[in-house]
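Numbering of residues begins at 1 and proceeds along the displayed sequence.
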Amino acid sequence: MKTYEVAGCAALAAISAAFQIVHVGYPTPWGMWLDVVTIPWILAFFLYCLKGSLVVSVLGALIITLVAPSTWLGASMKWLATLPMWLMLGVWCKVFRLKLKDFGRLKVLLPCLAVAIVIRGLIMIPAWCAALPLWLGWSFEQATNFALSIWYIIFGLNGVQGLIDVLGAWLIMFKFRLTRFATWE
């Protein structure tokens with residue numbers, strides 16, 4: 001990475017951390033926050049492609065581990081949930097040979113976003129089964145029964161968060177014309 005890319009990634013990770021510290025968002029009754037913490041992680045994809053998202057998301061997760069009450073568990077859940085969002089954008093880009101400007105059209109972005117949300121939901125239901133025993137001290141069986149009884153809520157909340165992440169970053173990138181700062185075409 002070039003120096004200005006490293007600086008940009010560090011700035012985006014710091015913005016993500018600030019959003020976590022201030023915790024701009026809405027706490028749901030099920031323990032998940034709908035927030036803006038990971039918008040910079042997706043914005044890093046639009047600016048610096050997959051490498052940027054990887055760097056910003058890892059740095060952001062490390063910082064969240066240090067500043068959030070949920071420590072490493074919350075940070076790893078957030079990282080795992082956001083991974084399919086930026087990774088699917090990269091896969092979509094490679095498979096369909098897309099350029100950055102192509103993502104500016106919603107008819108290109110929305111099918112990718114739909115697939116990413118489905119993958120995110122399918123990942124996060126079992127992740128809840130694994131996280132609840134660690135967070136609440138439940139047995140794995142109790143956690144699995146609970147998570148499977150509210151699977152549609154887990155899936156739905158993660159879908160809403162995925163929309164917030166990608167569409168928030170998309171608005172910032174394409175409506176505020178940050179494309180001029182992107183390092184890929």
Side-chain angles (χ1 to χ4, degrees), residues 1-25 33-68 72 74-121 123-124 158-185:
M1 293 181 85
K2 296 184 172 131
T3 306
Y4 61 88
E5 291 174 322
V6 172
C9 287
L12 288 170
I15 291 167
S16 175
F19 286 151
Q20 177 66 46
I21 292 167
V22 176
H23 223 164
V24 177
W33 275 74
L34 297 176
D35 57 27
V36 297
V37 172
T38 53
I39 288 176
W41 301 7
I42 305 299
L43 189 56
F45 170 80
F46 289 130
L47 288 168
Y48 310 119
C49 210
L50 283 173
K51 192 179 346 177
S53 277
L54 177 62
V55 169
V56 172
S57 66
V58 168
L59 284 174
L62 288 172
I63 294 168
I64 289 170
T65 297
L66 299 174
V67 301
W72 66 270
S76 60
M77 291 289 281
K78 188 166 286 294
W79 190 84
L80 185 62
T82 310
L83 173 68
M85 307 313 293
W86 56 264
L87 193 57
M88 186 51 60
L89 288 167
V91 167
W92 215 256
C93 189
K94 298 289 185 206
V95 168
F96 296 106
R97 295 187 175 100
L98 299 175
K99 297 184 181 293
L100 176 61
K101 67 179 181 179
D102 297 326
F103 284 111
R105 297 190 326 262
L106 283 176
K107 70 179 185 178
V108 172
L109 181 70
L110 292 179
C112 173
L113 181 55
V115 172
I117 286 172
V118 169
I119 294 170
R120 178 182 177 137
I123 289 172
M124 292 315 294
N158 275 283
V160 170
Q161 184 63 60
L163 286 170
I164 291 168
D165 294 343
V166 175
L167 294 179
W170 181 84
L171 279 171
I172 293 167
M173 187 69 183
F174 293 99
K175 295 305 175 186
F176 291 98
R177 300 187 187 150
L178 291 183
T179 52
R180 64 185 179 266
F181 300 112
T183 58
W184 65 290
E185 291 185 9

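- Remark: V91 engages M88, V95 in a side-chain contact (heavy atoms from CB on, under 4.5 Å) (not counting sequence neighbours).
- For V6, the side-chain contact (heavy atoms from CB on, under 4.5 Å) partners two or more places apart in sequence, or in a different chain, are M1.
- You'll find the side chain of I123 stays beyond 4.5 Å of the side chain of L83, heavy atoms only.
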Please determine whether side-chain contact (heavy atoms from CB on, under 4.5 Å) holds for the pair I117 and N158, giving the CA-CA distance in whole Å, both sets of side-chain angles, and the decisive distance to 0.1 Å. CA-CA 7 Å; I117 286 172; N158 275 283; over 6 Å; no
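- Among residues at least two apart or in separate chains, side-chain hydrogen bond (donor to acceptor under 3.5 Å, both in side chains) pairs with a member in residues 4-18 are E5-T183, S16-W41.
- The CE atom of M173 sits 6.5 Å away from atom CG of L43, with the distance rounded to the nearest 0.5 Å.
- In this structure, L100 and W184 approach most closely via the heavy-atom pair N-CZ3, 3.5 Å.
- Side-chain contact check for R105 versus D102: some heavy-atom pair is nearer than 4.5 Å.
- Nearest approach of A44 to V56, heavy atoms of both residues: CB-CG2, 3.6 Å.
- Within the structure, the salt bridge (Lys or Arg N to Asp or Glu O under 4.0 Å) test picks out the following pairs touching residues 165-174 (sequence neighbours left out): R120-D165.
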Listed pairs under 3.5 Å, donor-acceptor, residues 60-67 side chains, sequence neighbours left out:
from	atom 1	to	atom 2	distance (Å)
T65	OG1	A61	O	2.8

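- Between Y48 and G8, the shortest heavy-atom contact is OH-CA, 3.4 Å.
- For the salt bridge (Lys or Arg N to Asp or Glu O under 4.0 Å) condition, no pair includes a residue of residues 167-185, sequence neighbours left out.
- Residues passing the side-chain hydrogen bond (donor to acceptor under 3.5 Å, both in side chains) test with S57 are W79, sequence neighbours excluded.
- Scanning all heavy atoms of the two residues, the minimum distance from L59 to A13 falls at CB-CB, 3.7 Å.
- Atoms SG and NZ, on C9 and K51 in that order, are 9.0 Å from each other to the nearest 0.5 Å.
- Among residues at least two apart or in separate chains, salt bridge (Lys or Arg N to Asp or Glu O under 4.0 Å) pairs with a member in residues 75-94 are D35-K78.
- Residues meeting the ring-ring contact (aromatic ring centres under 6.0 Å, His included) test with W72, sequence neighbours left out: none.
- With a 4.5 Å cut-off on side-chain heavy atoms, Q161 and I164 count as touching.
- Annotation: ring-ring contact (aromatic ring centres under 6.0 Å, His included) contacts of F96 (sequence neighbours excluded): W92.
- Considering CD1 of I119 and CG of L87, their distance stands at 8.0 Å, rounded to 0.5 Å.
- For L89, the side-chain contact (heavy atoms from CB on, under 4.5 Å) test picks out I42, F45, F46, F103, L109, C112, with sequence neighbours left out.
- Residues passing the side-chain hydrogen bond (donor to acceptor under 3.5 Å, both in side chains) test with W170: none are found, sequence neighbours excluded.
- Atom-to-atom distance recorded for I39:CD1 and L167:CG is 9.0 Å, nearest 0.5 angstrom.
- From L12, atom CG reaches atom OG1 of T38 across 12.0 Å, with rounding to the nearest 0.5 Å.
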